[in-house]
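Here is the structure we will look at.
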Amino acid sequence: VLIVACVMGSIVLMGWELGLLESMCMSILVGMSVDFVVHFAHSWVTAWVRDDTATGLPTETTKETTDAANDAAAADQTTPQPVFQPASRRVELSARAHTSLSTVGISVLSAGVTTMVAAFVLFFGTIIFFSKFGTILALAMSFSLIYSLLFFHALISWLGPVGRCCQLKPARGDVAP
């Protein structure tokens, strides 16, 4: 919502009127504006925080709790799952933010930059639709990167879910990472 509002506000500040071309671009913008945030949210929820001596991140499982879970799983023929025991909410939120940014961050940044380069090429088109589409695309990518890398991560690092909240159970036979 913020990304679409910022792009539309920028268009108004540039003096454009909402016509057929702008309306078509706005319909595409809605889908593009959520892409990066969805990637980071998925990475956040599916992050299995592990003990990493290089980064000092906390351990999510312990040998005792994992052994107990495996024994219980063997008794009822289910797939063993690590048992979650975070050090603290703040430590887990920090670790999940680090995991999310380190696994998906470079891909999202690369996608945003390459899309802005493609939009830059469209600026010089002689057909009005292409130059307007390039402008809207560049604005959308700029605001998407800003909001997904800065605002969304700050928000989810402060208020994000912890533990096994928002995680779906793996299908039978799937093994958690």
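Values below: every heavy atom of this structure, side chains too, minus hydrogens, waters and symmetry copies.
The main-chain N or O of Ser131 is found under 3.5 Å from a side-chain atom of Thr135 such that the two form a donor-acceptor pair. Ser100 contributes no side-chain N or O that, together with a main-chain N or O of Ala97, makes up a donor-acceptor pair within less than 3.5 Å.
What you find for Ser33 and Ile3 is that their closest heavy atoms are O-CD1, 3.1 Å. Between Met116 and Ser142, the shortest heavy-atom contact is SD-OG, 3.3 Å. Residues Ser157 and Trp44 come closest through the heavy atom pair CA-CH2, 4.0 Å.
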Checking His39 against Ser107 for the side chain to side chain donor-acceptor pair (under 3.5 Å) test, could you report, in this order, the C-alpha distance in whole Å, the side-chain angles of both residues, the deciding distance, and whether it holds?
CA-CA 10 Å; His39 285 302; Ser107 300; over 6 Å; no
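At a threshold of 4.5 Å between non-hydrogen side-chain atoms, the residues Met24 and Phe133 do not count as touching. By the 4.5 Å heavy-atom criterion applied to side chains, Phe36 and Leu145 are counted as neighbours. Counting only heavy atoms from C-beta outward, the side chains of Val1 and Tyr147 never approach each other to under 4.5 Å. Side-chain contact between Met8 and Glu22: absent, with no pair of heavy atoms (C-beta onward) separated by less than 4.5 Å.
Each of Val38, Thr103, Leu101 was compared with Ser43 under the side-chain contact (heavy atoms from CB on, under 4.5 Å) criterion, and only Thr103 meets it.
Listed by chain and residue number, nothing satisfies the ring pair (Phe, Tyr, Trp, His ring centres under 6.0 Å) test with Phe143 (two or more places apart in sequence, or in another chain). With sequence neighbours left out, the ring pair (Phe, Tyr, Trp, His ring centres under 6.0 Å) criterion links Phe130 to no other residue.
Residue Leu150 qualifies as enclosed at atom CG: its count of foreign heavy atoms under 6.0 Å is above 12. Residue Phe120 places its CZ atom among 12 or fewer non-hydrogen atoms of other residues, nucleotides or ligands, all under 6.0 Å distant. Within a 6.0 Å radius of CG in Leu159, more than 12 heavy atoms belonging to other residues, nucleotides or ligands are found.
In terms of hydrophobic clustering, with Ile, Leu, Val, Met, Phe, Trp and Tyr side chains grouped at heavy-atom distances under 4.5 Å, Val37 and Val4 are assigned to different clusters.
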